[in-house]
Amino acid sequence: MTNPADSIEIQNVVASTGIGQELDLEALAEDLPGADFNPDNFPGLVYRTQEPKAAALIFRSGKIVCTGAKSIDDVHEALGIIFEKLRGLQIPVEDDPEITVQNIVSSADLGHNLNLNALAIGLGLEDVEYEPEQFPGLVYRMDEPEVVILLFGSGKIVITGGKRTDDAEEAVEEIVERIEGLGLLG
Amino acid sequence: RLRKWQERIRTKDAGERNLQFALSEIDRMASALGVPRSVREVASVIYRRALNEDLIRGRSIEGVSTAALYAACRVIYRRALNEDLIRGRSIEGVSTAALYAACRQEGIPRSLDEVADVSRVPQKEIGRTYRYISQELGLELKPVDPKQFVPRFASALQLSEEVQSKATEIIDVSAEQGLLSGKSPTGFAAAAIYAASLLCNEKKTQREVADVAQVTEVTIRNRYQEQIEAMGFR
DNA sequence: GCTTTAAAAAGTAATTT
DNA sequence: AAATTACTTTTAAAAGC
């Protein structure tokens, strides 16, 4: 009788921001201990924070992508650390750069095993991708909220593509309702 | 005006060539897979539909095996690109994906591994292209049924009808108990055939079955244990 | 389309012990 | 034969090929 929505855990938050200042990544790679910069492979410089654990991709334009954080607060904290590091290097950083959450990845547990074959047909083959030869999860694209849900035989699920914390909760309620409506939830 | 006319002819030429190439590729791969002529025709129809709906865009030629054919493929690709016809997508990828889809539609599926063995395109691209054309053409193919692999695998192993029907029964019973969700259809079929061969005293080793189904012995062992339990043996 | 980053889910595969 | 490592899928942004 536990509510699947209560089992939701945010696993990763992706966000973007910018310091409003062009950067010399070659020089930054020298001054920032632990920075990875391989312009031949990728134009961004990779910098990882320990607490909270996250990875940032810093670009020449001054734009930054932060990923790996476990919450929106952690994203702000990690980026705050990076902003301070840059200021410490005499690089001008805007007072409080706007941070935009781009994607939230969450996991949850529906609490019952799922018959993915029946679910693929029940949810509608046009909205479903289920190719167990290639991947064990059923991929379901939901319209409202606009997210992608990966459903597994164990009843564990992954919700991704949402930008708001509420998206995962709404998605879980919606998918539970749909599966129950099909009589396919335990 | 004359140039435009010539361009049109060239465009039509390239298109014809591409189609001819695609169809001959489908035929070559189908022969290598031992696919009946009726199914080859379905593959051809799917390819033509993909062409008509302009889906041969955005994919690159990646598969390389025989240098000569790869070169021919590149020439065609470049021509089509110059004529602004194909813009990226590979004829081979779409041909192979069409064949894979046709086999499924006809109920005699080949695994992506098997199709990749006779294609010049990597398995990853075949799977991706299949998902793309399947979605765009609205093929709506149901998930592959492991039972559909039984006759072909069992006959390759020279197993009797009795083993085949036993394997089919094992698949039905274990799938009924929810063991199939998320599992590879080939691995599931392979394990059932292995189990059935034991039960019918026509034992094949896990390695023999694994080779035919192109899965590992570890996978057969894992699925076998679950299926035996589902059947109430052990 | 590709390149890089991170994270979960579960299956399969290749190595190593 | 068991344990480890690694890859499959989805998502989003960044700059550039």
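Naming convention: chains lettered A, B, ... in sequence-line order (proteins, then strands); numbering from 1 in each chain. Quick caveat: nothing in here was measured; it's all calculated off a predicted structure.
- With a 4.5 Å cut-off on side-chain heavy atoms, B:Phe153 and B:Thr186 count as touching.
- Phosphate proximity of D:dT9 to A:Arg141: absent, as no side-chain N or O sits under 4.0 Å from OP1 or OP2.
- Among the protein residues, A:Val148 comes within range of the sugar-phosphate backbone only, with heavy atoms under 4.0 Å from sugar or phosphate atoms but none that close to a base.
- Counting to the nearest Å, the P atom of D:dA12 and the CD1 atom of A:Ile159 are 15 Å from each other.
- A donor-acceptor pair under 3.5 Å is formed between the side chain of B:Arg104 and the backbone N or O of B:Lys142.
- For NZ of B:Lys204, the number of neighbouring non-hydrogen atoms (other residues, nucleotides, ligands) closer than 6.0 Å is greater than 12.
- One atom, CE of A:Met142, and another, P of D:dT11, lie 14 Å apart when rounded to the nearest Å.
- A distance-only check finds a donor-acceptor pair linking the side chain of B:Arg110 to the backbone of B:Leu33 [under 3.5 Å].
- Separating the CG atom of A:Asp36 from the P atom of C:dT5 is a distance of 8 Å, rounded to the nearest angstrom.
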Query - Dot-bracket encoding of pairs in DNA chain D, which uses [ ] for pseudoknotted crossings and | for another strand, Watson-Crick or G-U under 3.5 angstrom - result: ||||||||.||.|||||
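- Using a 4.0 Å cut-off between charged side-chain N and carboxylate O, A:Glu84 and A:Arg87 make a salt bridge.
- In this structure a side-chain-to-backbone donor-acceptor pair under 3.5 Å is present from B:Ser181 to A:Leu114.
- Put simply, CG on A:Leu25 and CD on A:Glu22 are 9.5 Å apart, with the number rounded to the nearest 0.5 Å.
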Do any N or O atoms of the protein come closer than 3.5 Å to N or O atoms of nucleotides 13-17 of chain D, and which pairs are they?
from   : atom 1 : to      : atom 2 : distance (Å)
D:dA15 : OP1    : A:Ser61 : OG     : 2.7
D:dA15 : O3'    : A:Arg60 : NH2    : 3.2
D:dG16 : OP1    : A:Arg60 : NH2    : 2.0

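- Checking C:dT5, C:dA7, D:dT9 against every side-chain atom of B:Arg128, the shortest atom distance belongs to D:dT9.
- Atom CD in A:Glu129 sits about 14 Å away from atom C1' in D:dT11, given to the nearest Å.
- Comparing C:dT4 with D:dC7, their P atoms sit 11 Å apart, to the nearest whole Å.
- In this view, A:Glu170 and A:Arg164 satisfy the salt bridge (Lys or Arg N to Asp or Glu O under 4.0 Å) rule, not counting sequence neighbours.
- The nearest whole Å value for the distance from the CD atom in A:Glu133 to the C1' atom in D:dC7 is 15 Å.
- The shortest side-chain heavy-atom distance between B:Ser184 and B:Thr219 does not fall under the 4.5 Å cut-off.
- We find that B:Arg152 and B:Glu114 are joined by a salt bridge, their nearest charged nitrogen and carboxylate oxygen being less than 4.0 Å apart.
- Put simply, the side chain of A:Glu77 does not reach to within 4.5 Å of the side chain of A:Ser71, judged on heavy atoms.
- With P as the reference atom, C:dA13 and D:dT9 are 15 Å apart, rounded to whole Å.
- Side chain of B:Gln164 to backbone of B:Ala196: no donor-acceptor contact under 3.5 angstrom is found.
- Annotation: side chain of A:Phe42 is in contact with side chain of A:Phe59 (closest heavy-atom distance under 4.5 Å).
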Which atom pairs link the protein and nucleotides 9-12 of chain C when you take only N or O atoms and keep those under 3.5 Å?
from   : atom 1 : to       : atom 2 : distance (Å)
C:dA10 : OP1    : A:Ser154 : OG     : 2.3
C:dT12 : OP1    : B:Ser184 : N      : 3.0
C:dT12 : OP2    : B:Arg223 : NE     : 3.0
C:dT12 : OP2    : B:Arg223 : NH2    : 2.5

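- Contact annotation: B:Arg131 side-chain N/O to D:dT9 OP1/OP2 distance is under 4.0 Å.
- Taking atom P in both C:dG1 and D:dT10, the straight-line distance is 11 Å, to the nearest Å.
- Near DNA chain D, meaning a heavy atom under 4.0 Å away, there are no residues from residues 112-123 of chain A.
- The backbone N or O of A:Asp109 lies less than 3.5 Å from no partner atom in the side chain of A:Lys156, so there is not a single donor-acceptor pair.
- Rounded to whole angstrom, the span from the CG atom of A:Leu79 across to the C1' atom of D:dA12 amounts to 14 Å.
- Under the rule for a ring-ring contact (aromatic ring centres under 6.0 Å, His included), A:Tyr130 has no partner lying at least two apart in sequence or in another chain.
- Between the CD1 atom of A:Ile8 and the C1' atom of C:dA8 there is a distance of 14 Å, given to the nearest Å.
- Computed from coordinates, the A:Asp40 CG to C:dT3 P distance equals 16 Å when rounded to whole Å.
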